[in-house]
Amino acid sequence: MLDAKLFRSELAETAARLAETRGYQLDVAKLEQLEQRRKALQVRTESLQAERNSSAKAIGKAKAQGEDIQPLLAAVDSLGQELDQAKHELNDIQNELHEIISGVPNLPAEEVPLGADEEDNQEISRWGTPHAFDFAAKDHVDVAAQLAHGMDFEKGAKLAGARFVVLQGAIAQLHRALAQFMLNLHVNEHGYTEAYVPYLVNHDTLYGTGQLPKFGEDLFHVQGATEKQVPLSLIPTAEVPLTNLWRDEIADEEQLPLQYAAHTPCFRSEAGSHGRDTRGLIRQHQFDKVELVWLVKPEESMATLERLTEHAERVLQLLELPYRKVLLCTGDMGFGACKTYDLEVWLPTQETYREISSCSNMGDFQARRMQARFRRKGAKKPELMHTLNGSGLAVGRALVAILENYQQADGSVKIPTVLQPYMGGKTVIQP
RNA sequence: GGAGAGAUGGCAGAGUUCGGUUGAAUGCACCUGACUUGAAAUCAGGCGUGGGUUCACACCCACCGGGGGUUCGAAUCCCUCUCUCUCCGCCA
C-alpha cells in the first residue's frame, strides 16, 4: 500500500506516475471527491464524539454530587443518533477509500526501465554457456520417462487433478537433494535464519503481503469442517509467512537486518493460465521453493536487493546451470514490488531462458500494510521497514533445468557435483 | 473430545465485585537532567500506537485479544470469535 498522503497532497503526480509506469488508471476525480467528504465527515464525527465525551463526564460529575441529571440527559438526547449516522457515513467512505488505495500497485524505483510487458525487460548479464548436444535433446518429461522411476503426471491427475505430479525413485531424491542443498547454502554461507512456517495462513497475513484483497483468485482457500472455523488459505510462497513474522511489531534498530530462509511447498490456483505450460513440471498447482526474505532499514534495501539476487545466482552457478539476469520493466513487475530481478535458466529444448527466481525489493509497500516497523536508537517515532524476497530457487524448475541440461545420449542424467553428497555419492541417474 | 482459568502499555502487574474526571495505579526496563573524577546508588522529570485539524504552537479522536451489543458514559456489563494456560481423554 502506498502512503495515503500521496493521494491527498500529491494526487495528480501520483496518478501520472502510476499511469506512466504501470499503466494503472487512478480515478482522480473520484478520489478527490471521496477525500473531500472523508475530511468533512471525520471532522464532524470527531467533534460529535468530543461533545459526547464531555457531556458524559459532566453527567458523571453531577451524579456523583447528587444533582438531578435529567436535564443533562435531555440535552444529549439527539446526540447519539447524530453520531451513529455520522460514524456510519464515515465508515462507508473510509472503506471505499481503503478499497481503492489497497488496490493500487507499488511505484517503481527511478532506475527501473519503463515498459508495458516482458518485451521491455532489460537483460543485465548472462552466466555460463548453453551446452551443445550432439544428439537430439529431450525435454524434461521425456528425459524423466526414460528413467526407472520418473515423473508421473497420470498418477498426479488421479490423486488430485491436472497440474499435479508424483515423483518417485531417483527423481524424487534429486528433488529433495536440490531443496536441501539450497537451504544449506543459504543458511550456512549466506547468513539466513532457517524457518519452518505454517503452510496455511489467515487473511490478515495474506493482506499483509498483498495477496488480498486483489489476488484472492490466485490462491487455494480452505474452509475447516465447521462454518465457524476461520477460513485459511494455502501459501502461494513462503514470502507470505516469513514476511508477516514482523506484522504489527516494532523491532529495535540493532535487530535489523533480519534474513530468513525456508523450504516450503507453494500452492497456486493458476486460475488465469489455462492452457499455458500444460506440459511438464513448469507450472503446477503445488511446487516446492526455497524462499529468501529480508527485513531491512529503508536506506539499505536497494543494496540488499543486489545481495539477495547474488545469493539466488550462487545456487545456479554451483549447479552449473546457464542463466541470465533480467531487470523487469515497470509494467512486468509484481503488484507490490518497486524493483525486481528475474533469474532465467537455460532450457535447451525450448531454446530459451525460463524464469526460475524472482528477487524483489518491495520498499515499504508491504511494511505499511503489515505495520512492520523499527525504531532508530534515540528516535521517538517508529519507521516502516523495507521488505525483500526472492526465490533461491524454485525447486521444481531447478529439477527441470537439471534433467534437460544434464541429460546424456544414453538416456542417463548426470548429477551436478554439489548434489552428489545428497545422493549418496551417486554421479549419474541411469535409465 | 470433556472440564476449568485467563488475555490490560517494552515487560511484570493493579483496576473488572457495585460501569463515571482511568490512556489506565505500582514496580522494572528505557531516555534526559542533577549529584559524582567516572560509574553505581540517590533525587527530579520524561517515557504507548494509530488517525484527524493546523504553516506552526497546539488541540481533538480512537485503541485495555478481535468483532458486535446495552448505556448519556464500558478495561469494567451482555453476546460471539480467536488465542494462551491447567487437568482428563486421544494422537504423530
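The sequence lines fix the lettering, A, B, ..., with proteins before strands; numbering per chain opens at 1.
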Spacing of the P atoms in B:C81 and B:G1 (rounded, Å): 14 Å
task: Please work out which residues in residues 245-256 of chain A have a non-hydrogen atom less than 4.0 Å from an atom of RNA chain B and list them by number.
output: none
query: Can you tell me how far P in B:C78 sits from the matching atom in B:C85, rounded to whole Å?
result: 25 Å
query: Considering residues at least two apart in sequence or located in another chain, which fulfil the side chain to side chain contact (heavy atoms under 4.5 Å, CB included) criterion with A:D204?
result: A:N202, A:R247
Give every pair of a protein N or O atom and an N or O atom of nucleotides 62-67 of chain B that lie under 3.5 Å apart, one pair per line with the distance.
residue	atom	partner	partner atom	Å
B:A62	OP1	A:R52	NH2	2.9
B:A62	OP2	A:N53	ND2	3.4

field: Distance, C1' atom - from B:U17 to B:U80, rounded to whole angstrom
entry: 24 Å
query: Taking the nucleotide of RNA chain B with the closest heavy atom to each, which residue, A:Q371 or A:E51, is nearer the 5' end?
result: A:Q371
task: Could I get the full list of salt bridge (Lys or Arg N to Asp or Glu O under 4.0 Å) partners for A:E82, not counting sequence neighbours?
output: A:R44
query: Based on Watson-Crick and G-U pairs with both distances under 3.5 Å, what dot-bracket line describes RNA chain B 5' to 3', crossing pairs as [ ] and inter-strand pairs as |?
result: ((((((((.[[[..)....(.....]]].(((((.......))))).((((((....)))))).[[[[[..)....]]]]])))))))....
- request: Can you tell me, in whole Å, how much space there is between the C1' of B:G13 and that of B:U53?
  value: 37 Å
message: Going by the rule side chain to side chain contact (heavy atoms under 4.5 Å, CB included), which residues pair with A:V418 if we only count those two or more places apart in sequence or in a different chain?
response: A:F181, A:L318, A:L319
field: Of A:H88, A:E89, A:Q81, the residue whose pairing with A:Q85 passes side-chain hydrogen bond (donor to acceptor under 3.5 Å, both in side chains)
entry: A:E89
- request: For A:A50 and for A:L79, find the nucleotide of RNA chain B with the closest heavy atom, then tell me which residue's nucleotide is more 5'.
  value: A:A50
statement: With sequence neighbours left out, the residues meeting side chain to side chain donor-acceptor pair (under 3.5 Å) with A:R314 are A:E189, A:H190
Atom pairs under 3.5 Å, N or O on each side, protein against nucleotides 18-22 of chain B: can you list them with distances?
residue	atom	partner	partner atom	Å
B:G20	O6	A:K63	NZ	3.1
B:G20	N2	A:A56	O	2.6

message: Any salt bridge linking A:E270 with A:R268? Criterion: basic side-chain nitrogen under 4.0 Å from a carboxylate oxygen.
response: no
- prompt: Pairs in or reaching into residues 393-404 of chain A: which pass side chain to side chain donor-acceptor pair (under 3.5 Å), with residues at least two apart or in two chains?
  reply: A:H140-A:E404, A:T349-A:E404
Integer angstrom distance from the P of B:U26 to that of B:G15: 15 Å
task: Walk me through it: do A:I171 and A:L403 pass the test side chain to side chain contact (heavy atoms under 4.5 Å, CB included)?
output: CA-CA 9 Å; A:I171 299 251; A:L403 293 177; 4.0 Å; yes
task: Indicate yes or no: does A:R38 engage A:E35 in a salt bridge with an N to O separation below 4.0 Å.
output: yes
field: Value in whole Å for how far the C1' atom of B:A29 lies from CZ of A:R375
entry: 13 Å
task: Name the nucleic acid region contacted by A:R368, choosing base, sugar-phosphate or nothing; use a 4.0 angstrom heavy-atom cut-off, strictly under.
output: nothing
message: Just to be sure I understand the geometry, which residues of residues 82-105 of chain A put a non-hydrogen atom under 4.0 Å away from RNA chain B?
response: none
- request: Verify the neighbour count for atom CD of A:E111: are there more than 12 heavy atoms of other residues, nucleotides or ligands below 6.0 Å?
  value: yes
Which atoms of nucleotides 52-59 of chain B (N or O only) lie under 3.5 Å from a protein N or O atom, and what are those distances?
residue	atom	partner	partner atom	Å
B:G52	OP1	A:R8	NH1	2.2
B:G52	OP1	A:R8	NH2	2.9
B:G52	O4'	A:Q42	NE2	3.0
B:G52	O3'	A:R38	NH2	2.9
B:U53	OP1	A:R38	NH2	3.4

message: Measuring only the P atom in each nucleotide, how far is B:G6 from B:A14? A whole number of Å is fine.
response: 12 Å
field: Atom C1', compared across B:A24 and B:C64: separation rounded to whole Å
entry: 8 Å
N/O donor to acceptor pairs below 3.5 angstrom from side-chain atoms of residues 210-220 of chain A, sequence neighbours left out:
residue	atom	partner	partner atom	Å
A:Q211	OE1	A:T209	OG1	2.7
A:K214	NZ	A:G103	O	2.8

message: Just to be sure I understand the rule, does A:R373 reach a base, reach only the sugar-phosphate, or reach nothing, if contact means heavy atoms closer than 4.0 Å?
response: sugar-phosphate
